[in-house]
Structures are given as C-alpha cells and as structure tokens.
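Below: one structure, written as structure tokens.
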Amino acid sequence: MAAVAERIFSGVQPTGNLHLGNYLGAIKRFVDLQKGRECIYCVVDLHAITIWQEPEDLKRHIREVTAAFIACGIDPKANIVFNQSQVSGHAELAWVLNCVARMGWLNRMTQFKEKAGKDRENASVGLFAYPTLMAADILLYRATHVPVGEDQKQHLELTRDIAQKFNNDYARTIAANGHEDGYFPMTEPLIAGPATRVMSLRDGSKKMSKSDASDNSRINLADDADAIATKVRKAKTDPEPLPSELEGLKGRPEADNLVGIFAALSDGAKEDVLRDFGGAQFSAFKAALVELAVEKLGPIGGEMKRLMDDPASIDAILSDGADRARVIADQTIRDVKDIIGLVRG
Ligand code: AMP
Ligand code: TRP
C-alpha cells in the first residue's frame, strides 16, 4: 500500500486554560486546513499525564478541548476528532519507536528541559519519552503534514529522524512487505502565519502559556467579552506609537506581539496592520483590537459553554472519531508488526 498523498494530523493536550496562542498557532489553522482534505485532530490525553493531572479535571479538560475544536469550526463528521487513549495503537507504536529513537536524540529536546526544570531526577519517565509518543501519533496515520506552533518544531524534526531510522533499519522487510519508498513518510511541519508564537500579554519575552500563574498573561478561549477587553487593555506596551514598517517592530516585543495577534485574527499580515495603524497610539490600537478579539473569540467561548452542558454528545463525537481512527491505526500496527518480525495471529 502506498502512503496516502496528503494527510493532516495534529494534537492538543487537555491540560486546561486553552488560550489565544493555542487558537492562532494551532486550532484556527486546523479549521482552515480541513477544506477538501482528510484531517485527523486528536486530544492527546496520554501526553497530558506526563505531568500530574487531577482525574476529574482531566476528564473535563478532554471534553473542553473537544468542545473548543467544534466551537472553532472543525467539522467532526468530515474529519476525525477523538482522544488518543481510545486508540491503543498510539501507545503500542510509541513503544516500538522508543526502541528506534536514541537516548542522545531525546536528551537534546528543549521542551523536556523546560518542563522538567531543575528537578530532572523527579520528572516522569513519560515526560522524557513524550516526543516518541508524539512521533507515534503522527506516524500511526502516516501523516504528511502537521500544523503546530513554533514550539513544536524540534519534536517534528525528531519525528522525521525516527521515521528515517525506521525506514533504514527495516528497509529489507519494508520492501519485502510490498511498501515502496520506505514505510513512514517524512512529515512536514506546517508552521506559518503571523502568530506561530504568541507571547504573554504581561511579558513580551515569555510564550503565552496554559501554566502561567497570571491569568492576565493570556486570553482564554473560554473568556467572555468583558474579560477579553480587560486583558487587552491591561496588556503591556511601550510608550512609542506604532511604526508603519515591520522594521520598526524590532526590539519591541510587546508591540510585535499585539500586531501579530491583530493580523492573525483579521486573516491578514503584520504589514497590513501597520499600514492601517502606523503612527497610532496604543490606546487607539488596543480599542480596535478589543473590538476584533471580542468579535472573533466571543462566539467561541459561548459555543464552548453550550457544548460543555451536554457532555454525552461530546463523548459520542470522541467515540465515533476513535472508531474511525482505529481503522487506520490498526492497519499500521499490523504492517509494523510484519515489518519488525513480530508474530501476529
Ligand atoms: P499544547 O497546549 O501544548 O498541546 O499546544 C497545542 C498547540 O498550540 C501546539 O500546536 C502548540 O504549538 C500551539 N501553541 C501553544 N502555545 C502557543 C503559543 N503561545 N503561540 C502559538 N502556538 C502555541
Ligand atoms: N506536543 C504537542 C504540544 O505540546 C501536542 C501533540 C502531541 C502533538 N502529539 C502531537 C501535536 C502530534 C502535533 C502532532 O503542543
């Protein structure tokens, strides 16, 4: 069986506080990519437990990410939307890939270093092996393209290294099993647009993050209009008016961030925003940004709340998606077992 021409896969962790960075860097792009393509969007719950999660919160957050996908415009009938733990192939393939990936490769992962912090001895083994599970998510569907934010670039490079080593190590049996040009594709990251790395509203040198202690640092997808307006108005800026050219954003991380957010929300480029607001004071720019953000994000928060009132419908979507994902995943697991020499009944 030849690899499919184009297949999109991406995942979001159910760790609470879905924010504007998740939306602009990932989910909004998932929505744009679904037109005319086969897309698989996964709530990666097995990734979430690499760090402690309260069981009740985890359940709620899995449903919340699903609700966000749908509220943002992902069609769960035309695409596959499911949570990772319902398809056992993810964990199975991750084990095989743990035996392909090298310690040295994983030791270089910067996200592990950031997340483990100083107390590395006390980090879970799962947190260290997290990138091989991510490679398994992608390769289980032999996905060709993965839309993600900038912070995932290194994990996507690792995914290609793992795919390449698997294809090389098992070249003989891959060919003998009738697969031309290797078994796993060289997956391409899709990291593009004006908001691949949305920064904190309180500190332009820090990424907007779910785990930032200050809620004012991020706009949550579940925020109402008042909260959005307050956070934009309080966002850190500098005293200069906005520049008219991109060049003028250099060394002004807060201005750059707000311009990028405006551009992404209005489906334009930073240049377009500067053409309209070059020379304007932040007070005027922020007023326009509040209006835009409330117009675009307000309905998403409302729809998420409505969907969350009916958890049974969300669970039905996940279960249907998992059934359809399993069909593809099971075939890959059968192929991989044949390729590596495991006996199957
Ligand atoms: P996570 O919440 O870590 O599962 O991230 C889900 C998706 O959102 C991934 O594609 C991330 O790269 C993306 N993402 C997370 N934070 C940001 C950010 N501050 N700016 C842009 N994209 C982000
Ligand atoms: N590691 C990603 C993040 O933290 C989430 C993720 C897990 C993912 N598996 C994936 C993203 C597969 C893209 C494809 O954001």
Side-chain angles (χ1 to χ4, degrees), residues 7-31 33 39-51 53 61-62 64-65 68-69 72 80 82-85 87 90-91 93-94 97 109-112 114-115 126-127 129-160 162-163 187-212 217-221 253 256-257 260-261 263-265 325:
R7 183 175 278 152
I8 311 274
F9 181 96
S10 197
V12 175
Q13 296 192 66
T15 38
N17 292 339
L18 273 178
H19 55 69
L20 185 64
N22 298 128
Y23 178 61
L24 296 177
I27 306 173
K28 181 173 189 297
R29 307 198 43 242
F30 301 174
V31 177
L33 285 164
C39 299
I40 305 175
Y41 296 130
C42 185
V43 184
V44 288
D45 47 12
L46 297 177
H47 277 91
I49 60 168
T50 55
I51 286 174
Q53 306 294 327
H61 291 151
I62 292 168
E64 203 171 79
V65 174
F69 281 174
C72 290
I80 297 179
F82 72 108
N83 59 313
Q84 189 184 26
S85 59
V87 179
H90 291 257
L93 184 59
L97 301 185
M109 296 296 111
T110 55
Q111 195 173 75
F112 173 75
E114 278 161 26
K115 286 198 180 174
L127 188 67
Y130 174 116
T132 57
L133 178 59
M134 177 162 165
D137 300 338
I138 296 165
L139 298 177
L140 189 57
Y141 303 95
R142 296 208 274 168
T144 55
H145 296 85
V146 176
V148 277
E150 171 73 36
D151 59 349
Q152 296 304 310
K153 192 165 178 238
Q154 196 185 33
H155 290 158
L156 265 295
E157 284 161 7
L158 180 83
T159 300
R160 291 162 66 102
I162 292 175
T187 308
E188 299 277 347
L190 296 175
I191 304 172
T196 55
R197 187 174 172 84
V198 177
M199 307 308 277
S200 155
L201 298 180
R202 307 300 295 162
D203 178 351
S205 69
K206 273 192 356 207
K207 196 177 69 169
M208 186 177 284
S209 142
K210 291 169 173 173
S211 54
D212 196 312
S217 70
R218 65 183 161 258
I219 295 178
N220 299 306
L221 282 186
D256 191 15
N257 190 38
I261 291 172
L265 282 174

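Read the numbers this way: they start at 1 and go in the same order the structure lists the ligands and their atoms.
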Item to check | Interatomic distance, Thr132 atom OG1 to Leu158 atom CG [nearest 0.5 angstrom] | outcome: 8.0 Å

Checklist outcome for this item: Within 4.0 Å of some non-hydrogen atom of Val44, the atoms of ligand 2 are 7 (C), 9 (N)

Next on the checklist: As an exercise, identify every atom of ligand 1 less than 4.0 angstrom from a heavy atom of Gln152.
Outcome noted: 12 (O)

Checklist entry - To the nearest 0.1 Å, how far is atom 16 (N) of ligand 1 from its closest protein heavy atom, and which atom is that? => result His19 CE1, 3.5 Å

Item to check | Close-contact set for ligand 1 against Val148 heavy atoms, below 4.0 Å | outcome: 10 (O)

Checklist entry - Taking both backbone and side-chain atoms of Gln13, is any N or O found less than 3.5 Å from an N or O belonging to ligand 2? => result yes

Checklist entry - Of all the atoms in ligand 1, which lie at a distance below 4.0 Å from a heavy atom belonging to Lys207? => result 19 (N)

Item to check | Sub-3.5 Å N/O-N/O distance, Val12 and ligand 1 | outcome: no

Checklist entry - Nearest non-hydrogen atom to atom 5 (C) of ligand 2 belongs to which of Gly11, Ser10, Ala136, Ala26? => result Gly11

Item to check | atom 23 (C) of ligand 1 [closest protein heavy-atom partner, distance rounded to 0.1 Å] | outcome: Gly21 O, 3.4 Å

Item to check | Partners meeting side-chain contact (heavy atoms from CB on, under 4.5 Å) with Val146 (sequence neighbours left out) | outcome: Ser10, Ile138, Val148, Leu156, Thr187

Checklist outcome for this item: Contact region, Lys210 to ligand 1, non-hydrogen atoms below 4.0 Å, reads side chain

Item to check | Identity and separation of the nearest protein heavy atom to atom 10 (O) of ligand 1 | outcome: Gly149 N, 3.2 Å

Next on the checklist: With nothing but distance in play, are any N or O atoms of Asp137 less than 3.5 Å from an N or O of ligand 2?
Outcome noted: yes

Item to check | Any His47 heavy atom less than 4.0 Å from ligand 1 | outcome: no

Checklist outcome for this item: Of all protein heavy atoms, the one nearest atom 4 (O) of ligand 1 is Gln13 N, 2.9 Å

Next on the checklist: Using a 4.0 Å cutoff against the non-hydrogen atoms of Val148, which atoms of ligand 2 qualify?
Outcome noted: 11 (C), 13 (C)

Checklist entry - When you measure from atom 8 (O) of ligand 1 to each heavy atom in Ile27, Asn22, Thr15, which option holds the nearest one? => result Asn22

Next on the checklist: Any salt bridge linking Arg218 with Asp212? Criterion: basic side-chain nitrogen under 4.0 Å from a carboxylate oxygen.
Outcome noted: no

Checklist entry - Is Gln152 close to ligand 2, meaning an N/O of one under 3.5 Å from an N/O of the other? => result yes

Checklist entry - So with a 6.0 Å cut-off around NZ of Lys115, is the heavy-atom count from everything else above 12? => result yes

Item to check | From CA spacing to verdict: side chain to side chain contact (heavy atoms under 4.5 Å, CB included), Thr15, Gln53 | outcome: CA-CA 8 Å; Thr15 38; Gln53 306 294 327; 3.4 Å; yes

Item to check | Thr196 and ligand 1 - part of the residue with a heavy-atom distance under 4.0 Å | outcome: backbone

Item to check | Which residue and heavy atom of the protein sit nearest atom 1 (N) of ligand 2, plus the separation | outcome: Tyr130 OH, 2.7 Å

Checklist entry - Quick one: does Asp151 get an N or O within less than 3.5 Å of an N or O on ligand 1? => result yes

Checklist entry - Is there a nitrogen or oxygen of Gln111 sitting under 3.5 Å from a nitrogen or oxygen of ligand 2? => result no

Checklist outcome for this item: ligand 1 atoms nearer than 4.0 angstrom to some heavy atom of Gly25 are 21 (C), 22 (N)

Item to check | Heteroatom proximity flag, Pro147 to ligand 1, N/O under 3.5 Å | outcome: no

Next on the checklist: Can you report which non-hydrogen protein atom sits closest to atom 7 (C) of ligand 1, along with the distance?
Outcome noted: Ala26 CB, 3.6 Å

Checklist outcome for this item: among protein heavy atoms, the one nearest atom 20 (N) of ligand 1 is Val198 N, 2.8 Å

